[in-house]
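It should be emphasised that the depicted structure is a prediction, and the values quoted were computed from it without experimental measurement.
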Amino acid sequence: MMPADPVRAIVGEDASRETYEQVFNQLGLDRPVWEQFLRYLGDVFSGDFGTSIRTGQPVINDILHVMPATIELATLAILIGAGLGVPLGVIAAVNKDRWPDHVVRVFSLFGHSMPIFWTGMIALIIFYAKLGWVGGSGRMSQFYIGMVPDRTGFLLIDSLLAGQMDVFWSAINHLILPAALLGYSSSAYITRMTRSFMLDQLGQEYMTTARVKGLSKRQTIWHHAFGNIKVQLVTIVALAYGGLLEGAVLIETVFGWPGFGQYLTNNLIIGDMNAVMTCVLIVGVIFIALNLLSDLLYRVFDPRTK
């Protein structure tokens with residue numbers, strides 16, 4: 001039913017009609033669509049996501065191989081994004097319509113509107129090609145490839161377990177720039193939402209009551225107002241993290257980062273539908289899991305939900 005022909009992707013454009021029909025039947029495409037779908041669901045629930053046309057390996061093995069690289073990138077990015085966005089959002093709300101607010105809003109506007117592939121290329125030219133402060137493409141320098149056993153898939157962890165500090169710092173050197181760019185992009189969204197949530201709380205009557213009772217400005221802002229937006233921020237940060245896990249396609253392409261986004265893009269180009277369908281399914285599971293985690297964390301930050 002898709003525009004891409006999965007049979008042609010396997011046999012090629014020059015294959016004979018007999019070869020085409022043989023593979024067509026082997027894939028079960030001669031059966032009714034409802035039967036194909038039910039068989040697909042049965043395979044999924046049994047852990048069989050099919051074989052990748054591009055690599056010839058089970059799709060789930062390919063994804064388990066590339067996913068740690070994206071998790072490393074997205075995790076550092078969300079730490080930067082939340083660590084930057086939340087304080088800036090609070091500062092902007094507290095100083096509404098004054099110069100700190102304007103500066104923060106311009107800062108977040110640039111982060112939200114600049115194309116990530118453009119900022120990635122400019123950052124590579126400045127910080128890698130010109131200044132030499134960071135590493136270039138890939139997860140580490142070519143010199144270190146193959147020096148660290150692949151135990152967990154997470155290069156930072158594996159290099160520490162192997163005691164290869166040179167590899168660890170090389171990995172950090174290559175990770176910091178793409179993570180900082182993704183973190184800046186996500187911080188723009190987190191800043192805007194934090195500012196909006198804080199403005200709503202700062203306008204409530206209980207804030208005036210707290211100040212009249214003698215509480216300091218710092219206490220009213222961080223203990224009362226910020227305490228009441230934690231639940232909302234948990235959802236925002238969780239969804240931002242999910243977006244980074246599945247939306248780092250452009251930055252992974254610019255930096256040659258061998259992660260989930262690049263894997264999805266490469267397979268989409270050649271019409272490897274087994275890989276594409278599995279990637280889309282995993283993205284959906286990630287968002288559902290993060291929303292569930294947010295609901296569970298509500299019980300921590302808001303005792304009333306207990």
Does one hydrophobic cluster hold both [X] and [Y], with members joined at side-chain heavy-atom distances below 4.5 Å?
X	Y	value
W99	L88	no
L268	V280	yes
I126	L181	yes
L175	M121	yes
F110	V103	no

Would you say [X] and [Y] make side-chain contact, with heavy atoms under 4.5 Å?
X	Y	answer
I78	I190	yes
L73	F255	no
L160	M165	yes

Would you confirm whether [X], through its side chain, and [Y], through its main-chain N or O, come within 3.5 Å as a donor-acceptor pair?
X	Y	answer
S185	L182	no
T70	F260	yes
W257	I251	no
N173	M140	no
Q201	F226	no
T265	G261	yes
N25	E21	yes
S196	R192	no
Q164	V148	no
D272	I53	yes

Pair C279, I63 - check side-chain contact (heavy atoms from CB on, under 4.5 Å), show working. CA-CA 8 Å; C279 289; I63 292 177; 4.1 Å; yes
Let me confirm one number: the [atom1]-[atom2] distance from [X] to [Y], rounded to the nearest 0.5 Å.
X	Y	atom1	atom2	result
T55	N267	OG1	CG	7.0 Å
L84	L79	CG	CG	12.0 Å
L244	T75	CG	OG1	9.0 Å
M198	L233	CE	CG	9.5 Å
L239	N291	CG	CG	5.0 Å
I122	I125	CD1	CD1	4.5 Å

Residues 61-90 vs salt bridge (charged side-chain N to carboxylate O under 4.0 Å, His left out), sequence neighbours excluded, gives E72-R139
Heavy-atom closest contact ([X] atom, [Y] atom, distance):
X	Y	answer
A162	P149	CB-CD, 4.1 Å
S159	L156	OG-O, 2.9 Å
A69	G259	CB-CA, 4.1 Å
D101	N95	CB-O, 3.0 Å
T191	G85	OG1-CA, 3.1 Å
Y184	M114	CE2-CE, 4.0 Å

Please indicate whether W222 has more than 12 foreign heavy atoms, meaning atoms of other residues, nucleotides or ligands, lying under 6.0 Å from its CH2. yes
Looking at R39 and E35, does any basic side-chain N land under 4.0 Å from a carboxylate oxygen? no
The single option from L281, N274, I282, D43 that satisfies side-chain contact (heavy atoms from CB on, under 4.5 Å) with F49 is L281
Only one of R54, M67, E252, H65 passes side-chain contact (heavy atoms from CB on, under 4.5 Å) with Y263, and that residue is R54
Show the numbers, then the answer: is there a side-chain contact (heavy atoms from CB on, under 4.5 Å) between T51 and V59? CA-CA 5 Å; T51 301; V59 172; 5.8 Å; no
Using the rule given for side-chain contact (heavy atoms from CB on, under 4.5 Å), can you reason through L155 versus V167, listing the C-alpha separation, both sets of side-chain angles and the distance that settles it, and then say yes or no? CA-CA 9 Å; L155 183 57; V167 179; 4.3 Å; yes
side-chain hydrogen bond (donor to acceptor under 3.5 Å, both in side chains) contacts touching residues 115-133 (sequence neighbours left out): none
